[in-house]
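Everything below concerns the one structure shown next.
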Amino acid sequence: MKSIILQNLHDVQYRIQNAEQQYGRVAGAVKLLAVSKTQSAEKIRLAYEAGQQLFGENYLQEALAKQMKLTDLAIEWHFIGHIQSNKTKLLAEHFSWVHTVSRAETAIRLSKQRPHHLPPLNVCIQVNISGEQSKDGILPDQLTELARQIINLPNLSWRGLMTIPAPTADKTEQHRQFAELRLLFESLKVNYPTLDTLSMGMSADLEAAIAEGATIVRIGTAIFGERE
Ligand SMILES: *Cc1c(COP(=O)(O)O)cnc(C)c1O
């Protein structure tokens with residue numbers, strides 16, 4: 001198991017470096033977030049020992065249970081799942097980043113509940129670019145209003161945007177969706193120049209995401225194998 005995870009991590013890092021080079025990105029501009037949902041604490045430990053430090057989780061209770069087993073490691077924990085409004089306190093206490101903020105009330109709660117001994121909680125706004133009704137995320141035309149409400153919250157650091165596009169094997173369509181998020185990001189940067197994060201790209205489409213400006217790619221399957 002150890003050698004497979006090690007090999008997979010190397011392969012993913014290689015894909016990232018290649019894409020950075022191919023698409024004219026600065027070397028090292030793209031961070032790798034290892035998505036460990038449904039994977040064991042033991043596997044996370046192996047990936048950490050291989051040099052991986054950023055891990056993303058989707059389910060709060062599952063994440064907390066694994067965090068308890070890994071307190072000896074300097075992992076940076078990112079929450080990338082659906083936010084239930086009665087769970088914001090635990091998110092504010094146990095994560096460095098939350099990628100999936102899409103409502104002002106959630107942001108306000110996270111800021112209020114962030115413990116004062118911790119640095120500000122880094123957040124991204126999740127955007128629903130495909131406009132599918134079933135999906136989490138704010139619609140693009142509501143983004144400026146949410147930005148205005150989030151920017152001054154004292155215990156949050158709003159870093160940028162995140163999206164989960166409609167899955168497609170069509171490369172042109174992958175690029176088109178990621179480019180849409182990048183355009184929104186660039187127009188926000190006019191008013192909010194400190195924004196520095198575009199969280200987009202998964203195992204199947206990280207190259208397209210990097211071509212369109214991703215700064216964090218969220219990779220599960222390509223590191224840990226298929227989820228059960
Ligand atoms: C599961 C998940 C990923 C990782 O997807 P893979 O295809 O396994 O790389 C990335 N982002 C989010 C939000 C996820 O839920």
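Atoms within a ligand are numbered from 1 in the order they appear, just like the ligands themselves. Source: prediction; values computed, not measured.
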Side chain to side chain donor-acceptor pair (under 3.5 Å) assessment of Ser36 paired with Glu57: CA-CA 6 Å; Ser36 46; Glu57 290 281 342; 2.6 Å; yes
Could you tell me whether the side chains of Arg109 and Ser85 share a donor-acceptor contact shorter than 3.5 Å? no
Is it true that the side chains of Thr88 and Gln113 contain a donor and an acceptor less than 3.5 Å apart? yes
Are more than 12 heavy atoms from other residues, nucleotides or ligands located less than 6.0 Å from atom CG of Leu139? yes
Which atom pairs, nitrogen or oxygen on both sides, join ligand 1 and the protein at under 3.5 angstrom?
| from | atom 1 | to | atom 2 | distance (Å) |
| --- | --- | --- | --- | --- |
| ligand 1 | 8 (O) | Thr221 | N | 2.8 |
| ligand 1 | 8 (O) | Thr221 | OG1 | 2.5 |
| ligand 1 | 8 (O) | Arg227 | NH1 | 2.8 |
| ligand 1 | 8 (O) | Arg227 | NH2 | 3.2 |
| ligand 1 | 9 (O) | Ser203 | N | 3.0 |
| ligand 1 | 9 (O) | Ser203 | OG | 2.5 |
| ligand 1 | 9 (O) | Gly220 | N | 2.8 |
| ligand 1 | 11 (N) | Arg218 | NE | 2.9 |
| ligand 1 | 15 (O) | Lys37 | NZ | 2.6 |
| ligand 1 | 15 (O) | Asn58 | ND2 | 2.7 |

How about Glu105: does its CD atom have over 12 heavy atoms from other parts shown lying under 6.0 Å from it? yes
For Trp97, enumerate each residue passing the ring-ring contact (aromatic ring centres under 6.0 Å, His included) test, keeping only those at least two apart in sequence or located in another chain. His78, His99
